[in-house]
Amino acid sequence: MTAMVMTAADIARRCEGRVIGDPGARADSWAFDSRALDPGACFVALRDARDGHDFVYAAFDAGARVALVDRPLQPSREIARGHALVHVADALRALQDIGRSVRTDRADVRVVAVAGSTGKTSTKDLLAATLAPLGCHANAESHNNEFGLPLTLCNAPTSARVVVTEMGERFPGDLALLCDIARPQVAVVTNVGLAHAEHLGGFEGVAKMLGEELLGALPADGVAVLNGDDPWTADISARTNARFVTVGLGTGTDYRISDVELDGQLRPSFRLRGARLRVPLHGGHHVMNAAMAAAVAHDVFGMQFDEIAVALAGASTGKWRMELLETDDAITILNDAYNANPTSMEAALVALAHLPLPGRRVAVLGDMRELGPHHDEAHRAVGVRAAGLGLDVIIGVGAGGALIAETARTRGAHAEIVDDAAAALVCVDALVSRGDAVLCKASRAVGLEVVADGLLASRRSDADGSGAS
C-alpha cells in the first residue's frame, strides 16, 4: 500500500516551490532520514543536529526520487533523469504546507489525535492496533512533532480511512500548530502531568494547553475521550464545545474499568462494559491506555467489544518502552529507557516491584529532564516511592539520579550513585545474579538503554564462555 503519489511539480505547487530536474519525478512516500527511506520517497532536508542537505545525494542513492530543499547543494551534482529537487524558502514550513494540503485532499479520513503528559505513544500504538480492521494508519515511533505529524499525513496509504497521530506538547503553541495541520475530529487526552513543565508552566499550564489548543480545536461534532480519574479532566473538558466521554476506575466514568489482573509477565487484562480485554504490553499502567483505545473504537467508530478484544491482542509498542527481556543467566531486564517523567517513573517502579521473581529488584534511575522548578522535588519524590516499594537497590545516574538515590537512602534503601550510563552498567553488572530484575528508566538524553544492552551482551558472553569471567 502506498501513499498518495505526487510528482515534483505537484509537490512544488503545494508549497510554492521551484523544481530543479524532472518535474514528472514521482514520490509515493516521505522521509527525513536518508538511512530509512523506501525507494520512490521524497526526502525532506531538515536542519536539526545535522543538516539534511548534506545527505540529499545519499538519499537519492538509497532510492529517493525527489528531495525538498531550501538551499543549494554543495558540491553540486547533476540531477539524474526521473529525479528532482523542489527548492523552497523553508523546508520545514513547506512540509507543513504539504501536510495541510494532503489533509484537505483526504477529507474522507478521520483523524484521531493523542496527547497528554504520559502514555501518548503506547496509547497511539494500542489505538492503531484496535482500529486496524477499519483501515488505520498511525505515526511511526514517536514522530509527534512539527515535522513528524505532516510526514504521518503524507505517508497515509490511499486505503486508510483513519489516521491516528500522536501530538507532542513541549511549548505553548505546539498543539495549536499540529491541530491546524491535521484538523482532528477525535482527541484522546491521556493525563495532565509534569512532563515538559519547565516550558509549559506546571499542571495549570499543561491543562490550559490541552484544553485550549487541542480540545478547543475539535469541531462541534467531534469527540474527546478523557481520563476520568485525572483531577484536571473537568478543567480541560470545559474548554471544548465537542462531546466528551470519560474512561477510568471511578464509578462516574462513561467507560468504567474493573477486575484488573496482571499475569506473570506483567501483561494486564481488565473488564470494560462486561467484556474482558487483554493487553499484550507490560505494565499495569497500560490498562488505562488500552481502555481509552477501546472507548474510541466503541464510542466513535461503533466497533463491538468482541472485535476490539481480538484487535487489541495484536498490539505492540516501540523500542525501549517497557521491554521485558531476559539474559542468558536468568536476569530479567525491564527496559523503559526511552523517556521519563514523574508519572511514567511511578508506573515503571510499580511494575518492577510486582515482577514475580525470586531475586532482588534493582532500579537504575536517571534524570527526568525539563521539569523546571519542579525538578528537585520530583526526583526526591521518586526516591521516597522507590524506598517505599521495598526495592533492594537503587542506582542513581547523574544529578537527578543522585537526588533519587540520596532520598531513598535516607528512607533505609541500599543506594548507589554513578556519573553516567556507562558507570551504571559497570555497577549493576557487578551486582546482579540469577533471579534478579533490573529496571532502566530515565529521560532519553541519559541513554540508559546502554545498561540494558550491556547486560544482555555481557551475560551472553559469560554464559557461553566466550567473554570475561
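The figures here come from the full heavy-atom set of this structure, side chains too, leaving out hydrogens, waters and symmetry mates.
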Check whether any side-chain heavy atom of [X] sits under 4.5 Å from a side-chain heavy atom of [Y], and report yes or no.
{"X": "Met167", "Y": "Val114", "answer": "no"}
{"X": "Val189", "Y": "Leu215", "answer": "yes"}
{"X": "Asn191", "Y": "Thr118", "answer": "yes"}
{"X": "Arg267", "Y": "His282", "answer": "yes"}
{"X": "Val247", "Y": "Leu226", "answer": "no"}
{"X": "Pro342", "Y": "Leu371", "answer": "yes"}
{"X": "Leu439", "Y": "Val364", "answer": "no"}

Using a strict 4.0 Å threshold on nitrogen-to-oxygen distance, state whether [X] and [Y] make a salt bridge.
{"X": "Arg271", "Y": "Glu261", "result": "no"}
{"X": "Lys441", "Y": "Asp336", "result": "yes"}
{"X": "Glu166", "Y": "Lys120", "result": "no"}
{"X": "Asp436", "Y": "Arg360", "result": "yes"}
{"X": "Asp299", "Y": "Arg243", "result": "yes"}
{"X": "Asp174", "Y": "Arg170", "result": "no"}
{"X": "Asp429", "Y": "Arg459", "result": "yes"}

Distance check, rounded to the nearest 0.5 Å: [X] atom [atom1] versus [Y] atom [atom2]?
{"X": "Thr240", "Y": "Leu214", "atom1": "OG1", "atom2": "CG", "answer": "8.5 Å"}
{"X": "Ile331", "Y": "Ser458", "atom1": "CD1", "atom2": "OG", "answer": "7.5 Å"}
{"X": "Thr121", "Y": "Asn339", "atom1": "OG1", "atom2": "CG", "answer": "9.0 Å"}
{"X": "Leu312", "Y": "Leu272", "atom1": "CG", "atom2": "CG", "answer": "10.5 Å"}
{"X": "Asp125", "Y": "Asn139", "atom1": "CG", "atom2": "CG", "answer": "8.0 Å"}
{"X": "Leu218", "Y": "Gln185", "atom1": "CG", "atom2": "CD", "answer": "9.0 Å"}

Does NZ or CZ of Arg110 fall inside the cone over Phe301's six-membered ring, less than 6.0 Å from its centre and within 45° of the axis? yes

Please state whether the rings of Phe203 and Trp232 are parallel, tilted or perpendicular, taking 30° and 60° as the class boundaries. parallel

Parallel, tilted or perpendicular: ring planes of Tyr255 versus Phe305, cut at 30 and 60 degrees: tilted

[X] and [Y]: which non-hydrogen atoms are nearest, and at how many Å?
{"X": "Pro268", "Y": "His286", "value": "CG-CB, 4.3 Å"}
{"X": "Val279", "Y": "Ala290", "value": "CG2-CB, 3.5 Å"}
{"X": "Ala3", "Y": "Cys154", "value": "CB-O, 3.1 Å"}
{"X": "Val451", "Y": "Ala424", "value": "CG2-CB, 3.9 Å"}

Got more than 12 heavy atoms from elsewhere within 6.0 Å of CZ, Arg47? yes

Quick one: does Asn145's side chain have a donor or acceptor within less than 3.5 Å of a partner on Phe147's backbone? yes

If only atom types and distance count, is the side chain of Glu326 paired as donor or acceptor with the main-chain N or O of Ile333 below 3.5 Å? no

When you look at Glu449 and Arg444, which way does the salt bridge (charged side-chain N to carboxylate O under 4.0 Å, His left out) test go after all the steps? CA-CA 9 Å; Glu449 70 277 4; Arg444 179 83 292 278; 2.3 Å; yes

Using a distance-only test with no angle check, is there a side-chain donor-acceptor pair under 3.5 angstrom linking [X] and [Y]?
{"X": "Asp254", "Y": "Thr246", "result": "yes"}
{"X": "Glu377", "Y": "His379", "result": "no"}
{"X": "Arg276", "Y": "Ser269", "result": "yes"}

Donor-acceptor contacts under 3.5 Å from residues 388-408 side chains, at least two apart:
residue: Asp392; atom: OD2; partner: Arg361; partner atom: N; Å: 2.8
residue: Thr407; atom: OG1; partner: Leu403; partner atom: O; Å: 2.8

ring-ring contact (aromatic ring centres under 6.0 Å, His included) between Phe32 and His143: does it pass, once the steps are laid out? CA-CA 11 Å; Phe32 59 86; His143 295 168; 5.3 Å; yes

